[in-house]
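First up is the structure itself, then whatever we jot down about it.
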Amino acid sequence: MKNKAVTIVMGLVSLAVLASCGGTNAPASTTAATSVPATTTQASEPDVTDIFADTYTDIDSLDLASGNYMVANVIYAFDKENKKISSTKYEDYDAYKNKQGTALYDGSVRFVKVTSVLLGDFNAAYFEVNGTVYLLYEKPAGSFRLSTRPRGGWSTSSAVLLGEIPTFSMGNYVSDKQSQNKVNEEGNYVYDSQGFTIREEYYFFLELTETKASVFLGDNPTTHAENPLHSVENYKIRFISGKLHIDIPHKDGDFACTLTSKSETEIKFVDAMERKGDYSCSGTFTKIA
């Protein structure tokens, strides 16, 4: 009996080996019975939109004024009365003035009450572009926002309701007084006898024409150096979030002094830092009468 049992076991092993090598014609039903459906071996990706489900309930009216709402360099023209909205992208201020933008969307909106785990509850103008949900709303009062949701979560940006756009007034300007730690020719801080860094005071001057913008350095509010610290010709005026900007690149540098329109007599500026002692600062230019 023992030898017979061994013989049976060896026979089964031989059949298994032959089947795996294609040596026997195993019935098709045997392969099907031992196969595992492919769907059971793939881990399903969780659906984020189900986890953070939002609901949009239609409402009759919306406390959001008609107008042009700007996010970065895109303007959303909202028509409350007709429940319409269109979006247009502008490369710069000249394109905006000449109405040479790129149309992105033109369609209808819904007025909805939003119930969202991530955003909270509020009322908004709702529309969709290529499967992405867009919400334009005011929250809190006086602060406008645009939230977008492709698959995966919300992204929210500040929006500006455009009114009168402050433009650049050509002329000469002087900054408020600036100061910084003084450096030597090697670019190292200079210290006094007690080991404290020595401060130096200075002023920026701006000469702005239709074709050229130059920044000069001065040690008093009435005169400046002959040669500009930074200068640019044939500049482009960027139009971002309702403000006009001019970038004056640093000479032999990677950054710029950026001008932002404020009023007929004032221009805000930020001079980015390249290295110690390069007169990086921020403030306001005031027009010289």
Side-chain angles (χ1 to χ4, degrees), residues 49 54 56 62 64-112 114 119 122-139 142-170 208-213 232-249 254-262 267-270 272:
T49 58
D54 304 310
Y56 311 102
L62 180 65
L64 183 69
S66 292
N68 293 326
Y69 293 83
M70 192 169 195
V71 179
N73 62 342
V74 178
I75 292 180
Y76 297 83
F78 173 54
D79 182 351
K80 179 177 179 178
E81 181 178 359
N82 296 302
K83 291 189 175 182
K84 297 285 186 180
I85 198 166
S86 63
S87 59
T88 307
K89 181 180 180 180
Y90 296 95
E91 293 302 322
D92 52 39
Y93 186 55
D94 283 342
Y96 171 76
K97 289 191 299 181
N98 297 324
K99 298 181 180 180
Q100 295 176 338
T102 301
L104 302 178
Y105 176 78
D106 189 358
S108 60
V109 298
R110 294 164 51 193
F111 298 164
V112 299
V114 180
L119 297 180
F122 55 92
N123 297 337
Y126 172 108
F127 60 105
E128 290 188 29
V129 181
N130 298 326
T132 296
V133 173
Y134 284 68
L135 300 175
L136 180 64
Y137 56 99
E138 183 178 4
K139 181 186 178 184
S143 296
F144 303 103
R145 303 184 185 280
L146 180 75
S147 291
T148 59
R149 184 171 191 176
R151 176 181 172 85
W154 285 104
S155 175
T156 298
S157 301
S158 295
V160 176
L161 178 58
L162 293 182
E164 184 177 354
I165 301 169
T167 57
F168 288 107
S169 177
M170 303 299 108
L208 184 63
T209 71
E210 296 287 352
T211 59
K212 189 175 182 179
V232 63
E233 295 187 29
N234 301 318
Y235 56 81
K236 288 287 187 180
I237 300 178
R238 295 186 293 116
F239 187 28
I240 304 294
S241 299
K243 298 289 187 180
L244 305 185
H245 308 274
I246 296 173
D247 293 325
I248 309 176
D254 298 324
F255 301 104
C257 180
T258 299
L259 312 179
T260 301
S261 60
K262 184 178 180 182
I267 297 174
K268 296 182 69 66
F269 73 92
V270 176

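Throughout, residue positions are numbered sequentially from 1 according to the sequence presented.
- In this structure, V71 and S157 approach most closely via the heavy-atom pair CG1-CB, 3.6 Å.
- Applying the side-chain contact (heavy atoms from CB on, under 4.5 Å) rule to S169 yields the partners Y173, E264, K287; only residues at least two apart in sequence or on another chain are considered.
- The nearest pair of heavy atoms linking Y69 to A159 is CB-CB, 4.5 Å.
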Give the C-alpha distance, both sets of side-chain angles, the deciding distance and a yes or no for side chain to side chain contact (heavy atoms under 4.5 Å, CB included) between S147 and L119. CA-CA 9 Å; S147 291; L119 297 180; 4.0 Å; yes

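- Applying the side chain to side chain donor-acceptor pair (under 3.5 Å) criterion to Y93, with sequence neighbours excluded, gives no partner residue.
- For N82, the side chain to side chain donor-acceptor pair (under 3.5 Å) test picks out D79, with sequence neighbours left out.
- Taking A77 as the reference, N68, S86 meet the side-chain contact (heavy atoms from CB on, under 4.5 Å) condition, with sequence neighbours excluded.
- Annotation: side chain of N123 is not in contact with side chain of V112 (no heavy-atom distance under 4.5 Å).
- A pairwise comparison of heavy atoms in L62 and A124 identifies CD1-N, 3.6 Å as the closest pair.
- Counting only residues at least two apart or in different chains, salt bridge (Lys or Arg N to Asp or Glu O under 4.0 Å) contacts with residues 154-170 are absent.
- Residues Y105 and T88 bring no donor and acceptor atom of their side chains to less than 3.5 Å of each other.
- In this view, S261 and P166, F168, L244 satisfy the side-chain contact (heavy atoms from CB on, under 4.5 Å) rule, not counting sequence neighbours.
- Here the CD1 atom belonging to I165 is positioned 9.0 Å from the OG1 atom belonging to T167, to the nearest 0.5 angstrom.
- Inter-residue side-chain proximity for Y235 and L208 is flagged as met; some heavy-atom pair is nearer than 4.5 Å.
- Closest approach of M70 to I75, counting heavy atoms only: CG-CG1, 3.9 Å.
- With rounding to the nearest 0.5 Å, the separation of OH in Y56 from CG in L135 is 5.5 Å.
- The salt bridge (Lys or Arg N to Asp or Glu O under 4.0 Å) test applied to K212 returns no partner, not counting sequence neighbours.
- Between F239 and Y90, the distance from one ring center to the other does not fall under 6.0 angstrom.
- Qualifying ring-ring contact (aromatic ring centres under 6.0 Å, His included) partners for F269, counting only residues two or more places apart in sequence or in other chains: F204, F285.
- Atom NZ of K243 and atom CD1 of I237 lie 14.5 Å apart (nearest 0.5 Å).
- Counting all heavy atoms, side chain and backbone alike, S87 lies closest to V74 at CB-CG1, 4.1 Å.
- Considering only heavy atoms from C-beta on, L136 comes within 4.5 Å of I85 through its side chain.
- The closest side-chain heavy-atom distance from W154 to D54 is below 4.5 Å.
- Using the six-membered ring where Trp is involved, F78 and F111 have ring planes that are perpendicular, over 60° apart on the 30 and 60° scheme.
- Residues forming a side chain to side chain donor-acceptor pair (under 3.5 Å) with T260 (at least two apart in sequence, or on another chain): H245.
- Taking 4.5 Å as the limit, every side-chain heavy atom of Y137 sits out of range of all side-chain heavy atoms of L146.
- Listed by chain and number, the residues in a side-chain contact (heavy atoms from CB on, under 4.5 Å) with N130 amount to none (sequence neighbours excluded).
- In this structure, E138 contributes its side chain and G142 its backbone to a donor-acceptor pair below 3.5 Å.
- Going from atom NZ of K139 over to atom CZ of R145 covers 8.5 Å, rounded to the nearest 0.5 Å.
- T211 contributes atom OG1, which lies 6.0 Å from atom CG of N234 (distance to the nearest 0.5 angstrom).
- For D247, the side chain to side chain donor-acceptor pair (under 3.5 Å) test picks out R238, T258, with sequence neighbours left out.
- Legend: salt bridge (Lys or Arg N to Asp or Glu O under 4.0 Å) pairs involving residues 80-95, not counting sequence neighbours, sorted by first then second residue: D92-K236, D94-K97.
- In this structure, K262 and K268 approach most closely via the heavy-atom pair CD-CG, 3.8 Å.
- Under the 6.0 Å distance and 45° angle rule, R110 counts as a cation-pi partner of Y126.
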